[in-house]
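Data first, discussion second: the structure below is written as structure tokens.
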Amino acid sequence: MKSVPEDVIEIVRESGILIKEMMHKKSVKVTHKKDSGDLVTSADLEVQQSIFTKIMKIYPDHGFCSEEGKRVRPDAEYVWILDPIDGTKHYAIGNPLYAISLALKREGELIRGLVYIPEMDQMYYAEKGGNALLNGHSIHCSLEERLDETILCLEMPSRHESAAKRKWALEKIGILVDHVQRVRIIGVGSIGLCLCAMGGYDAYVSLSGAWKCYDLAAGQVVLQAAGGEFLMYDRRIVAGPAVLCKRIASLLDL
Amino acid sequence: MSRVTKKDITFGVIVVGLVTTRLAEWIPGVIVDPLLLASSAFWLVWNPWPFLQSKIGGKKELLRAKILFTILLSVGSLAFYFLVHPHPLRIEPTGLYRFIVGSALFILFISGYILLYHLYNQEARILNLEPLQHIKLLPVFEHKEESFIEDGLTVIKTHLHEEGKDPDTVKKIIEERQPFIRTLQGVLSAINEIELLFTNSYDRGDVRKETYESGDLSVIRIPSRGGQYSIILATKVQEILLQHLKKIPFPPFSECDVKTDEPGTFVREVGKGYTWVIDPIDGSRHFRRKLPLFTTSIALQHEGKTLLGVIYAPVTRELFFAVKECGAYLNDWSTRLQVSEIEMGQALVHIEFPHKDLYSNDSTEFEKECEALKTVLMKTKRVRGLGLGTLGLAYVAKGSFEAYITFPGTSLVSDVAAGILLVKEAKGQVKFVETSTVMKNGVRVIASNKEIHQELIDIVKL
């Protein structure tokens, strides 16, 4: 394998530009998934198909798992994990906060992550043990250690979670608002993690337990390569500079 | 042009230096040194080069720059004194001594000048406004000057007819609004220039590879702690805006009040009814951190009523504009905005969080806000908080969010004026209350679609 897979980056970028144009031309069909309240759009399926075909052509023996259902050889040594559009809800209503998230797993361990935000033309790429790159330039996460100077990117629990969990999360939000400088909610996991990796937000906190591995895998690799910690407490996530993470975790009593 | 070249600085120093020494020489009995001192003091208070003002953010930095330039000027003046003209009323040292001292001072002056030039022109390469050819303009900028107004009027007419207004009313509205469409065009020409500014100073689009490094906002080396740059860029944006607003024939700029958000900049009250409300960079906190979420917003008000509103998000290249009674548009006349019709249970709501530090005396008020916030969180589907009032409101108008709620009264009128007009023109509803509980001239806003408006007001108790 090449050290930096330019070809994979190009594949993702092409797909990103494609869905961006689809949105602007309003040629996207939206359907609701049966079981949850989630959406799936024709763009999701198109991205999934195009990335799948192109990656299989380059790496024919790799496995592939996608959020929208495509699964091939999930037990292979290398498995690609794709969320064709993270932030489908935003995408469907024309909000520019959405991303393509692609990660590579080797024997259960995440080794590569790519996140592309088409509307901002930001391509995040990282390899385990290497530098995190934003459009080819190396990035580093914030070095902030003081809670009261922190701008925090927060993920809210969704309505599908139990009332008890939501109530718990609301209490925690009260505490956060009380202690950090500002709280922001983007609502798209991969974007939140990447903006945290480039130092835009100091930390990323997810009080939602309802995320899937597709959403965060790539962002996690990027953030870790950018020097951040990615801590999980019973599916609640705190990510960012190590010292700050510990402070937030103890503040929230996780 | 507002860019400062080496020529400008050299010219300035030479002229001021010469004038000072010359004047001093022809006043009998007065020696030069006190005059130099006086001119230095003059420089500390008043700064004849506006570029210093526009490129340096904080007061301390400005004072430091003035002191440095004053010292430089004094050295320059002394050099001229020794080299150029003998003083008629004083016993002068001999020619050679004079020449040596003069030359030494001159060399000092030149090297000081080079040093300061580099110190204060670090960002010059970023502020280069050459248009980049491979960037495609927003559709609205492709209109020819006349056709922009004609196209606009045609679109507005069609919409008004569709809404079932009778021809006389339509005619009246069009007649009343026509001059403001021209005004809008002027504002958009400013946005066009700002677009170029951002394109060159922020990593985006096809210029990614070339400009990322130079567009890195940390290149600024003006010594100060924290984001001097964003303040400087905001000032630049404001400069461009004011330049273009001055060219607009109606309403004449000299008769308009101006309100802005940036500290230490242009504020004016004339009291003839028209007010420009300008926020060059909403989200400068984000901009400093290179977070791609910030906007420029401009509104024109007449006796408290907003007539024009423009919000521009450079990174995602979204340009929202609205004219009172004529609708809200995105990027071009062809995309008219309308709020969504989604019910509370499915609603995506944009909120501004309350901040504890603002309620230092009154924590019950803070508790109350938090309770209301929790109710909103429980009742709606999802909540977003981008930390940008302008964008939150614009997305409500676009139908991407169902509502926009500010919990604390920390927004200023300049943050929300344009956005509120957008929401109203997109057929949304807005409740707007001025409050001074947490800060002076704060406003609280609930903007949403019709379906959930009343319920939100009840929850937040606005």
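So that the names make sense, note that chain A is the first sequence line, chain B the second, and so on, each numbered from 1. All values below come from the heavy atoms of this structure, side chains included, with hydrogens, waters and symmetry mates left out.
- Taking the side chain as every heavy atom from C-beta outward, B:Glu352 and A:Val183 never approach each other to under 4.5 Å.
- Chosen from A:Arg166, A:Met156, A:Glu171, A:Met123, the residue pairing most often with chain B at heavy-atom distances under 4.5 Å is A:Arg166.
- Your options are A:Asp202, A:Leu154, A:Asp148, and the one with the most heavy-atom pairs under 4.5 Å with chain B is A:Asp202.
- Separating the CG atom in B:Leu373 from the CD1 atom in A:Ile173 is a distance of 7.0 Å, to the nearest 0.5 Å.
- Among all heavy-atom pairs drawn from B:Leu377 and A:Leu170, the shortest one is CD1-CD2, 3.1 Å.
- B:Thr380 touches chain A through its backbone: at least one of N, CA, C or O sits under 4.5 Å from a heavy atom, while the side chain does not.
- More than 12 heavy-atom neighbours from other residues, nucleotides or ligands sit within 6.0 angstrom of NZ on A:Lys20.
- When side chains are defined from C-beta on, B:Glu318 does not count as touching A:Glu119, because their heavy atoms never get closer than 4.5 Å.
- Nearest heavy-atom pair across A:His90 and B:Leu348 is CD2-CD2, 4.2 Å.
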Intermediate values then yes/no, side-chain contact (heavy atoms from CB on, under 4.5 Å), A:His24 and B:Thr335: CA-CA 11 Å; A:His24 289 191; B:Thr335 319; over 6 Å; no

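- Of all the heavy atoms in A:Ile93 and B:Ser400, the pair that sits closest is CD1-O, 2.9 Å.
- Residues A:Val177 and B:Phe353 approach most closely at CG2-CD2, 3.6 Å, considering heavy atoms.
- At a 4.5 Å heavy-atom cutoff, B:Leu388 makes no contact with chain A through either its backbone or its side chain.
- Between chain B and the residues A:Gly199, A:Gly187, A:Gly94, A:Gly174, the largest count of heavy-atom pairs under 4.5 Å involves A:Gly187.
- For chain B, no part of A:Ile117 is nearby; none of its heavy atoms comes within less than 4.5 Å.
- Both the backbone and the side chain of B:Arg384 come within less than 4.5 Å of a heavy atom of chain A.
- Other residues, nucleotides and ligands contribute only 12 or fewer heavy atoms inside 6.0 Å of the CD atom of B:Glu341.
- Around the NZ atom of A:Lys165, the shell of radius 6.0 Å holds no more than 12 heavy atoms that belong to other residues, nucleotides or ligands.
- A heavy-atom distance below 4.5 Å is not found between the side chains of A:Leu97 and B:Thr316.
- The closest side-chain heavy-atom distance from A:Asp178 to B:Cys370 is not below 4.5 Å.
- Side-chain contact between B:Lys374 and A:Lys167: absent, with no pair of heavy atoms (C-beta onward) separated by less than 4.5 Å.
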